[in-house]
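Report on one structure; see the data block that follows.
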Amino acid sequence: MKNSFITIVSIAALLFACTEEETTSRTYPRVHTDAVNGITPAGAVFNASIIFTSVNILDHGFVWSERNELDFKNADKISLGARSGAGTFSATCDRSLQKNKKYYVRSYAVSADKIVYGELVEFVSQGGKSPIITDFYPKQATWDETVTIVGQNLSEVTARMVVRFGAYEAFIVKGGAEQILVKVPLQLNEPLSSISLTMIGETVTLDQKLQLKKPVIDAITPGGGTPGDIVSITGLYLGGSKARVYFGNKLASLVLSNDTNIQCIVPDDIPPGVIQVRIEAGSPDLSETTSFEVQ
Amino acid sequence: MSAPLFQKISATLIDVLIYTVPTTYSMRNATRPWAIPLIIVLSILMYPSFGQDYRPGYIVKNDKDSINGFVAYTAGKKSVSTCSFKATSDSPAASFSPNLLRSYGIYGDRHFVSLRLPGATSEEKVFARVLALGAIDLYSYNKDFIIGKDELILLTQPQSKKIETDSGTRMVTDKSYVAVVNQLVRDCNLRKRTLPFAEREFTAVVKEYNHCKGEEVILFNPRPLVTFNFNLFAGYVQSRMKMDLYDEVTLNPSKTVAIGIGTDISSPRIYDRLFVSLECWYVDQLYQAYSERNWNGAFERQDLVMDFSYLKIPIGFRYNFLRESATPYVRVGFFSSILIKQDIKTLTDSESAGVVTSSETTGGYDVKNPKGLWASIGYDKKIHNNIRIFGEVRYEHSEAFVGTAIQSFSTMDNLNFMLGFRFKRNEK
């Protein structure tokens with residue numbers, strides 16, 4: 001009886017003495033990317049774990065892209081914020097995913113002095129939510145001015161999106177999940193133009209249209225002169241290289257033209273008297289007038 | 001070869017192994033570890049009692065004085081002409097001729113009586129092994145049998161001779177012994193048409209006759225020729241593996257619990273303290289190593305994790321020092337393995353300019369089934385009729401898991417602590 005008891009106790013003690021896989025320590029968080037699951041037409045679930053940390057984690061989450069070399073600069077990101085200690089984490093990704101396309105995802109953790117990426121995991125998406133744009137501001141803008149487009153399911157990766165004002169493609173300054181910053185194209189010449197976004201094969205268009213700002217004339221200097229004189233027109237949104245200046249019906253030659261100052265030559269064959277000077281900023285619908293006395 | 005001479009030779013060989021092997025071969029060739037089992041075997045052979053097999057027994061002198069002690073277990077003609085007896089295991093042996101004893105025997109085994117052979121012309125006696133006692137007694141003497149009812153009758157081994165017949169040469173065996181036996185048992189109507197000249201068949205006839213006569217027959221069965229023990233055990237295994245592919249890497253020791261079954265085969269009739277052991281272990285071992293290096297402009301930290309599950313099949317010999325209910329023992333042998341599962345992964349952290357990128361690769365190494373040598377010491381104790389408990393410490397040295405079929409790039413040293421049960425089973 002005693003021998004059997006000793007044997008059983010010894011065997012039980014042995015069971016607790018086995019080697020387990022040990023996580024070696026680092027001076028930065030160790031993060032491990034697990035397999036993607038929950039892949040549906042509505043998105044996918046990313047999973048990962050912090051397997052070791054001895055420092056504060058300022059941010060953690062996932063980056064994903066259709067390229068296998070990905071980081072913060074060239075991939076979409078889900079940020080889960082700061083955390084303390086090791087443990088598992090996951091996030092549902094429902095944007096920037098195209099059906100039947102292969103994507104790569106990494107988990108990440110950020111400490112005070114290091115960015116740590118976990119292993120690369122690949123998966124084939126069944127799709128995600130469509131991009132939505134809901135608003136933009138300012139409602140009036142001029143060329144090369146930055147307009148903010150607000151929406152949902154957008155992308156941090158600017159190369160993944162195409163924004164158009166009317167027929168003209170805009171430069172995307174900065175991407176994001178819920179808003180993107182774009183520049184009003186210089187070629188734009190319609191007073192009202194639609195804003196559309198194309199992403200993952202889908203195009204969405206805002207109901208509201210962007211209104212290009214009309215020229216504003218502050219002053220024409222001098223206020224009078226003779227044909228051949230150079231006059232200077234100052235103001236705002238004058239149209240730059242697209243500007244045209246008419247003295248009456250005569251088109252004036254431009255010496256200098258930018259959005260705030262136009263210098264032109266008073267055309268010949270203009271009868272003396274007060275005439276209307278009209279500035280068109282790329283389109284007759286974008287014009288403003290002032291008066292000038294021909295001597 | 002006498003026991004003292006055998007012991008001298010063993011001692012000389014041990015000296016050779018201890019003092020010359022390390023200077024002849026390098027440590028990397030690891031020849032010294034496999035010399036250890038050999039040293040243990042030779043040490044066993046030096047054990048004084050190994051020279052001759054003395055077993056607990058007794059002698060009965062002519063004055064009917066019975067003395068307990070140890071009787072030499074001998075076979076063949078020596079057992080019928082002399083009895084070697086020791087009063088204690090340490091006392092010198094004394095030889096007795098059949099004329100000096102009435103009988104002698106080994107407990108639980110053979111029993112011999114001193115008698116005159118039927119038809120002998122001299123007064124010289126011989127020792128005959130008793131097979132059965134009853135209304136008819138049965139003895140064996142060398143290859144012959146002696147059967148006794150009213151008197152002793154010698155049944156010699158039948159001879160065969162060639163005879164020429166019309167259909168060619170035939171071998172005819174003298175079966176006159178059958179008629180003799182039938183004559184002895186005729187009062188019980190046990191006439192046999194055929195009776196093989198063998199101990200089992202003669203014993204069966206004697207049993208039948210004694211049963212017919214209503215007499216109790218006393219049988220003196222020899223110990224079994226082959227016997228099996230079945231073992232069930234668990235062990236704590238501490239293993240250290242070294243690899244030498246590009247650089248020598250020593251992985252962290254693996255500690256695990258293994259379970260196994262086994263069998264010990266022995267021939268008690270020939271020698272009851274030597275066994276052939278065969279085991280099968282299931283082992284799951286996990287090894288890890290950590291390394292750092294500069295590589296391609298980045299600083300790499302690497303974790304290597306190797307997890308192997310395998311069946312280990314040790315084969316060897318076991319020698320019990322004692323015949324008591326508790327005995328120390330030694331074992332030596334070799335083992336081979338069958339790899340069931342392997343899981344090798346390398347976790348790499350590559351750091352450059354404050355950005356650390358992790359990657360994981362699986363495999364990357366050729367693997368093989370380990371094989372090597374082992375030696376152990378243990379203690380075995382009877383706790384119930386056919387159940388024994390044992391504890392054992394075993395050292396193993398072998399090729400390890402990394403390597404090809406023709407070359408090993410790794411070695412393994414294991415220290416095992418085992419506890420288990422032995423279940424005894426006899427077979428004839």
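Labels below follow one simple rule: chain letters A, B, ... track the order of the sequence lines, proteins then strands, and each chain is numbered from 1. This one's a predicted model, so the numbers in the text were calculated from it and none came from an experiment. No hydrogens, no waters, no symmetry mates; every other heavy atom, side chains included, goes into these values.
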* To do: Tell me, yes or no, whether the heavy-atom count around B:Ile265 atom CD1, taken from other residues, nucleotides or ligands under 6.0 Å, exceeds 12.
  => yes
* Asked: Heavy-atom distance under 4.5 Å to chain B: side chain of A:Val110, backbone, both or neither?
  -> neither
* **A:Asn56, CG: over 12 other non-hydrogen atoms inside 6.0 angstrom** => no
* To do: Would you give the length of the straight line joining atom CZ of A:Arg106 to atom OG of B:Ser359, rounded to the nearest 0.5 angstrom?
  => 7.5 Å
* Checking B:Val305 against chain A: side chain, backbone, both or neither under 4.5 Å from a heavy atom? -> side chain
* To do: Heavy atoms only: give me the nearest B:Gln288-A:Glu21 pair and the separation to one decimal.
  => OE1-CA, 2.9 Å
* To do: Check each atom of B:Thr357 against the heavy atoms of chain A and say whether the ones under 4.5 Å are side chain, backbone, both or neither.
  => both
* Checking B:Gln285 against chain A: side chain, backbone, both or neither under 4.5 Å from a heavy atom? -> neither
* Supply the atom-to-atom distance B:Glu360 CD to A:Leu120 CG, rounded to the nearest 0.5 angstrom. => 12.0 Å
* Count the heavy atoms belonging to other residues, nucleotides or ligands that lie under 6.0 Å from CZ of B:Arg240, then report whether that count exceeds 12. => no
* Asked: So does B:Asp349 pair up with A:Lys114, basic N to acidic O under 4.0 Å?
  -> no
* **More than 12 heavy atoms of other groups within 6.0 Å of A:Glu202 CD** => yes
* Can you establish whether the number of heavy atoms outside A:Lys183 located under 6.0 Å from its atom NZ is more than 12? => yes
* Answer yes or no: is there a side-chain heavy-atom contact under 4.5 Å between A:Arg30 and B:Leu347? => yes
* Please check if atom CZ in B:Phe317 has more than 12 non-hydrogen atoms from other residues, nucleotides or ligands closer than 6.0 Å. => no
* Asked: Side chains of A:Tyr117 and B:Val356: does their closest heavy-atom pair fall under 4.5 Å?
  -> no
* Top residue by heavy-atom pair count (under 4.5 Å) with chain A, among B:Val237, B:Asp307, B:Asp303? -> B:Asp303
* Can you tell me how far the CD1 atom of A:Ile115 sits from the CD atom of B:Glu351, to the nearest 0.5 Å? -> 11.5 Å
* Asked: Is the count of non-hydrogen atoms from other residues, nucleotides or ligands lying under 6.0 Å from B:Ile315 atom CD1 greater than 12?
  -> yes
